[in-house]
K.L.:
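Can you read through this structure? Questions will come right after.
Owing to the predicted nature of the structure, the values given are computational and were not obtained by experimental measurement.
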Amino acid sequence: YSKLVKLKPEAPLFLRDKGLALDKAGKSREALDTLYKILTTEWDSRYAEIELVALNDMKSIIQREGYSLKELGYDKELFENLPVDIRIVLTWNTDDCDIDLWVTDPDGEKCSYQNKYTENGARLSRDFTRGYGPEEFCIKKAVKGEYIIQADYYGTSSQKILQPVIVQAEVYTNFGKPNETKQVLTLQLDTVKGNYKVGTITF
């Protein structure tokens, strides 16, 4: 991931990947400093709002490790603890692709770029039409039942795709709480203009 950050410094997703890898390797403070760079760097407009995704990653690490904001030296106003019942983050491995995250709740309402705020209180982040994502779904107080996760391969501006397009969904339950759990779902997308079921979770 460090090599990817050097090769493509204009793509904040790789900086996020590096931060999450550092955290998984037990280097939580270095992970936080890496993710904080996403918040303090000015990115191209196509990556607008990626700071919000990185901020949620940081909140979870800070709460889990018991860091104080004074100790870290970060802007206190950014880091109010906002735990959520379900958080889903969708990323993909190919630039210049428009892939959309859809999540359908137990009541049958679909949260998508056309319906970013649901009746049950879910929220979907900005629609990334280029780059590698991420797109993020969050719901603070989830209704019980099954949630269907889909990736809609809307299109690509690339002349030729040289590798399979693979999506990855990070699925968190009780995000930012002591009983937080995480699973990662991956799926290869075969054709443009296709809709794919990535998986389901039951809350």
K.L.:
Take Val167 and Leu189 through the test side chain to side chain contact (heavy atoms under 4.5 Å, CB included) and record every step on the way to the result.
P.N.:
CA-CA 7 Å; Val167 296; Leu189 310 187; 3.7 Å; yes
K.L.:
Might you confirm whether atom OH of Tyr74 has over 12 heavy atoms from other residues, nucleotides or ligands at distances under 6.0 Å?
P.N.:
yes
K.L.:
Which atom pair, heavy atoms only, marks the closest approach of Ile50 to Leu13?
P.N.:
CD1-N, 4.0 Å
K.L.:
Evaluate the side-chain proximity of Trp92 to Glu135: yes if any heavy-atom separation is below 4.5 Å, no if none is.
P.N.:
yes
K.L.:
Test of understanding: with side chain to side chain donor-acceptor pair (under 3.5 Å), list the residues that count as partners of Lys177, not counting sequence neighbours.
P.N.:
Asp85
K.L.:
In sequence, state the C-alpha distance, the side-chain angles, and the governing distance for Asn174 and Phe203, and then conclude on side chain to side chain contact (heavy atoms under 4.5 Å, CB included).
P.N.:
CA-CA 10 Å; Asn174 299 305; Phe203 184 80; 4.1 Å; yes
K.L.:
Compare all side-chain heavy atoms of Gln150 with those of Tyr196 and state whether any distance is below 4.5 angstrom.
P.N.:
no
K.L.:
Mind checking what makes salt bridge (Lys or Arg N to Asp or Glu O under 4.0 Å) contact with Asp17, not counting sequence neighbours?
P.N.:
none
K.L.:
For Tyr67, what residues pass the ring pair (Phe, Tyr, Trp, His ring centres under 6.0 Å) criterion, not counting sequence neighbours?
P.N.:
none
K.L.:
For Asp57, give me all partners under side chain to side chain donor-acceptor pair (under 3.5 Å), at least two apart in sequence or on another chain.
P.N.:
Arg16, Arg87
K.L.:
Just verifying a value: how many Å separate Leu52 CG and Ser125 OG, rounded to the nearest 0.5 Å?
P.N.:
8.0 Å
K.L.:
For the side chain to side chain contact (heavy atoms under 4.5 Å, CB included) test, which of Val198, Thr104, Val103 pairs with Ile148?
P.N.:
Thr104
K.L.:
Measuring only between side-chain heavy atoms, which start at C-beta, is Arg123 closer than 4.5 Å to Lys140?
P.N.:
no
K.L.:
Taking all non-hydrogen atoms of both residues into account, name the closest pair between Val53 and Pro134 and its distance.
P.N.:
CG1-CG, 3.9 Å
K.L.:
Applying salt bridge (Lys or Arg N to Asp or Glu O under 4.0 Å), name anything that partners Glu10, two or more places apart in sequence or on another chain.
P.N.:
Lys8
K.L.:
Short question: side chain of Thr40, backbone of Tyr36 - any donor-acceptor pair under 3.5 Å?
P.N.:
yes
K.L.:
For Pro106, check side-chain contact (heavy atoms from CB on, under 4.5 Å) against everything at least two apart and list the hits.
P.N.:
Val143, Tyr147
K.L.:
Between Asp23 and Arg64, does any side-chain N to carboxylate O distance fall below 4.0 Å?
P.N.:
yes
K.L.:
Give the minimum heavy-atom separation between Trp43 and Glu51, together with the two atoms involved.
P.N.:
CD1-OE2, 3.7 Å
K.L.:
Between Thr41 and Lys37, which heavy-atom pair has the shortest distance, and what is it?
P.N.:
OG1-O, 2.6 Å
K.L.:
Hey, does the side chain of Thr34 reach the backbone of Gly19 with a donor-acceptor pair shorter than 3.5 angstrom?
P.N.:
no
K.L.:
Between Arg29 and Asp33, is there a salt bridge with N-O shorter than 4.0 Å?
P.N.:
yes
K.L.:
So, taking the atom named CG in Leu187 and the one named CD1 in Ile149, what distance separates them when rounded to the nearest 0.5 Å?
P.N.:
11.5 Å
K.L.:
So, using side-chain contact (heavy atoms from CB on, under 4.5 Å) as the criterion, who are the partners of Thr181 when residues are at least two apart?
P.N.:
Thr173
K.L.:
Just so I know, are the side chains of Trp102 and Leu90 near enough to count as touching, which here means a heavy-atom distance under 4.5 Å?
P.N.:
no
K.L.:
Has Gln63 got a side-chain atom pairing as donor or acceptor with Gly176's backbone, closer than 3.5 angstrom?
P.N.:
yes
K.L.:
List for me each residue that meets side chain to side chain donor-acceptor pair (under 3.5 Å) alongside Gln183, sequence neighbours excluded, and say none if there are none.
P.N.:
none
K.L.:
Hey, are the side chains of Leu20 and Glu170 touching, using non-hydrogen atoms and a 4.5 Å cut-off?
P.N.:
yes
K.L.:
What distance do Ile62 atom CD1 and Ser68 atom OG have between them, rounded to the nearest 0.5 Å?
P.N.:
9.5 Å
K.L.:
Are Val184 and Gln168 packed together at the side-chain level, in the sense that at least one heavy-atom pair is separated by less than 4.5 angstrom?
P.N.:
yes
K.L.:
Could you pull out all residues at least two apart from Gln188 that satisfy side-chain contact (heavy atoms from CB on, under 4.5 Å)?
P.N.:
Pro164, Ile166, Asp190
K.L.:
Please enumerate all residues that pass side chain to side chain donor-acceptor pair (under 3.5 Å) together with Asp107, with sequence neighbours excluded.
P.N.:
Asn120
K.L.:
Identify, with sequence neighbours excluded, every residue that meets side-chain contact (heavy atoms from CB on, under 4.5 Å) alongside Gln114.
P.N.:
Ser112
K.L.:
Is any side-chain heavy atom of Lys110 closer than 4.5 Å to a side-chain heavy atom of Asn115?
P.N.:
no
K.L.:
Would you compute the distance between atom OG of Ser60 and atom CD of Glu65 and round it to the nearest 0.5 angstrom?
P.N.:
9.5 Å
K.L.:
Decide yes or no for Tyr153 and Val165: does some side-chain heavy atom of the first lie under 4.5 Å from some side-chain heavy atom of the second?
P.N.:
yes
K.L.:
How many angstroms lie between CD1 in Ile86 and CZ in Phe137, if you round to the nearest 0.5 Å?
P.N.:
6.0 Å
K.L.:
So does Lys182 have more than 12 non-hydrogen atoms from other groups sitting under 6.0 Å from NZ?
P.N.:
yes
K.L.:
Enter the distance from Cys111:SG to Ile88:CD1 here, rounded to the nearest 0.5 Å.
P.N.:
9.5 Å
K.L.:
Is there a continuous path of hydrophobic side-chain contacts, each under 4.5 Å between heavy atoms, that joins Leu22 to Leu15?
P.N.:
no
K.L.:
Do you know the tightest heavy-atom contact between Ser2 and Lys18?
P.N.:
OG-CE, 3.2 Å
